[in-house]
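In what follows, every chain begins at residue 1, and chains take the letters A, B, ... in the order their sequences are listed.
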Amino acid sequence: MSEQQHIKLPEGSIEKQTNTLNLGPTHPATHGVFQNVLEMDGERIVSATPTVGYIHRAFEKIAERRPYYQITPLTDRLNYCSAPINNIGWHLTVEKLLGIQTPKRVDYLRVIIMELARITDHLICNSVIGVDSGAFTGFLYVMQYRELVYEIYEEICGSRLTTNIGRVGGFERNFTPVAFQKIEKFLAEYPAVLKEFESLFTRNRIFIERTQGVGAITAERAMNYGFTGPNLRAAGVDYDVRVANPYCSYQDFEFSIPVGTTGDTYDRFLVRNAEMWQSLSIIRQAMEKIKTLPEHVYHADVPAYYLPDKDDVYTKMEALIYHFKIVMGETDILPGELYHPVEGANGELGFYLISDGGRSPYRLHFRRPCFVYYQAYPELVKGAMLSDAIICLSSLNLIAGELDA
Amino acid sequence: MSLTNEHIKNRLVEKFGDALTNFEESFGMMSFYAPKELNLKVMQFLYDEEDLQFRFLSDLTAVHYPDKKGEELAVVYHLHTFVHNVRLRFKVFTDITTPQVYTATSLYATANWMERETYDFFGVDFVGHPNLVRILNVDEMDYFPMRKEFPLEDQTRVDKDDEMFGRGGNVGI
């Protein structure tokens with residue numbers, strides 16, 4: 001509306017002086033496959049209409065036909081930037097349903113893996129915010145440390161991105177000494193990198209101008225929109241599932257919850273950075289704690305649900321039978337209904353599970369944090385510039401796999 | 001004083017009397033059933049009362065029970081109070097032929113897409129929803145795929161005959 005107001009339009013011309021702009025579905029800045037139909041008045045956004053569903057894979061429906069172990073690969077493909085968290089979260093849900101208690105060492109190993117996953121997720125998100133504001137250096141710099149974490153996963157379970165790392169009761173195999181060495185290496189090297197990464201952005205004039213006050217949301221509005229995780233904490237609410245409803249022995253660790261004040265893109269960036277420091281501290285504590293625990297323990301003693309060792313499966317009849325029974329879903333699953341939340345890298349990831357005692361869940365619903373954030377997007381970018389829309393989108397940490405499920 | 005499930009239950013019974021049924025506590029979370037006409041009233045009550053303050057809607061979804069005649073669809077709400085850190089779940093049941101349930105969008109902005117998703121997959125018609133259209137599936141679809149009458153795989157496939165695996169001759173899984 002600005003300058004055009006005093007321009008005398010000829011008789012009969014259209015009054016609406018806005019253009020429609022399609023951002024996405026496959027645009028490099030949309031971080032996956034989702035579309036935004038933006039109504040633009042010059043460079044300013046009048047309204048935004050987000051559309052999702054382009055990679056919907058019907059995981060909830062597929063899960064209704066699969067035994068519990070075969071659902072693990074589905075959860076890996078939700079938020080693929082931090083697959084182990086989804087994965088372990090799913091197994092925690094099943095363990096809660098079956099009433100399985102895991103040994104302390106398993107809990108701590110899981111905490112190490114989940115925090116590593118959180119770090120990789122945050123560092124990707126934060127470095128991509130940099131890319132979207134034109135700073136490619138940080139992205140290239142931290143990428144090699146994500147690579148290092150992927151090597152740790154590889155050492156533990158054999159795969160890198162969609163890890164399939166968990167089992168009901170623990171891990172598939174024990175952590176090798178090399179895995180611990182790599183974790184130590186990461187702990188030794190990463191703080192310096194993170195510090196440098198932080199100083200690259202947080203005092204950068206361009207970055208501050210581009211992010212402060214962009215996509216801001218108040219605490220009240222964020223709660224009403226169902227925000228969780230770093231996006232809610234940036235608005236000043238110190239809600240963290242790890243503290244509110246501890247799982248996996250998180251209560252044994254000392255860490256603080258970083259909170260922001262304004263809930264804008266800059267604060268979201270800062271909260272994620274601060275969380276990475278906390279995660280590093282948690283991993284360090286966990287590494288100390290497991291030194292005092294028996295080394296051979298890496299799963300709970302539940303032969304009816306825990307997949308036997310592969311070497312045994314190939315050589316022992318009993319193990320083969322158990323393996324077959326578990327994989328085909330012939331073991332008893334208790335009926336029950338539960339909602340188990342875990343703190344995913346980008347917010348509260350909830351598993352709502354109804355079991356009727358059959359081999360597959362009667363109903364499984366994923367409470368996916370991305371899905372919740374994205375509906376606030378039109379409100380966040382209303383009145384902003386087009387370039388703000390891009391950076392606001394990347395700061396919400398949307399992962400298309402989780403958005404669509 | 002921390003908020004107990006007992007206290008929430010007493011407050012609810014005090015307010016709504018016998019309308020709320022099936023109170024149970026599974027895995028530490030209280031759950032109950034409410035009549036579908038009362039869903040907004042229950043939520044508003046839980047939202048407003050100073051000692052409850054359930055102001056966070058964690059999750060909203062539906063479940064299809066084809067065998068329950070007259071209440072085939074259950075809409076499930078998970079509420080959370082940050083102040084007391086207590087969660088609860090309640091369900092409203094509706095007939096599949098008249099799946100009208102009041103929308104919670106005026107209370108919780110987050111319900112908007114969750115209800116669209118529930119409509120998309122189960123066909124629950126949220127009365128008063130500002131934009132009740134499909135969200136993950138294509139617009140042209142004329143059925144609700146998460147209902148139990150739509151099995152995942154083609155039931156006529158013969159390569160999955162369970163007889164081969166010693167489980168009787170049922171075709172399909």
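- Atom CZ of residue A:R363 and atom OG1 of residue B:T61 lie 3.5 Å apart, to the nearest 0.5 angstrom.
- Summarising the geometry, atom CD belonging to A:E64 is positioned 11.0 Å from atom NE2 belonging to B:H64; distances are rounded to the nearest 0.5 Å.
- Residues passing the side chain to side chain contact (heavy atoms under 4.5 Å, CB included) test with A:A216 are A:D264, sequence neighbours excluded.
- Interface with chain A: from residues 8-28 of chain B, residues B:S26, B:F27 qualify, criterion being any non-hydrogen pair under 4.5 Å.
- At a 4.5 Å heavy-atom cutoff, the contact between B:A62 and chain A is made by backbone atoms alone.
- When ring centroids are compared, B:H80 and A:Y339 stay outside the 6.0 Å threshold.
- Among the residues in residues 101-111 of chain B, those with a non-hydrogen atom closer than 4.5 angstrom to a non-hydrogen atom of chain A are B:L107, B:Y108, B:A109, B:T110.
- Using a 4.5 Å cut-off between heavy atoms, B:V76 contacts chain A through its side chain alone, with no backbone atom that close.
- The OG1 atom of A:T228 sits 7.5 Å away from the CZ atom of B:F82 when rounded to the nearest 0.5 Å.
- Proximity to chain B among residues 341-354 of chain A is limited to A:P341, A:E348, A:Y352, A:I354, judged by heavy-atom separations below 4.5 angstrom.
- Between the OG1 atom in A:T51 and the CG atom in B:L136 there is a gap of 11.5 Å [rounded to 0.5 Å].
- Proximity to chain A involves both the backbone and the side chain of B:M146, based on heavy atoms less than 4.5 angstrom apart.
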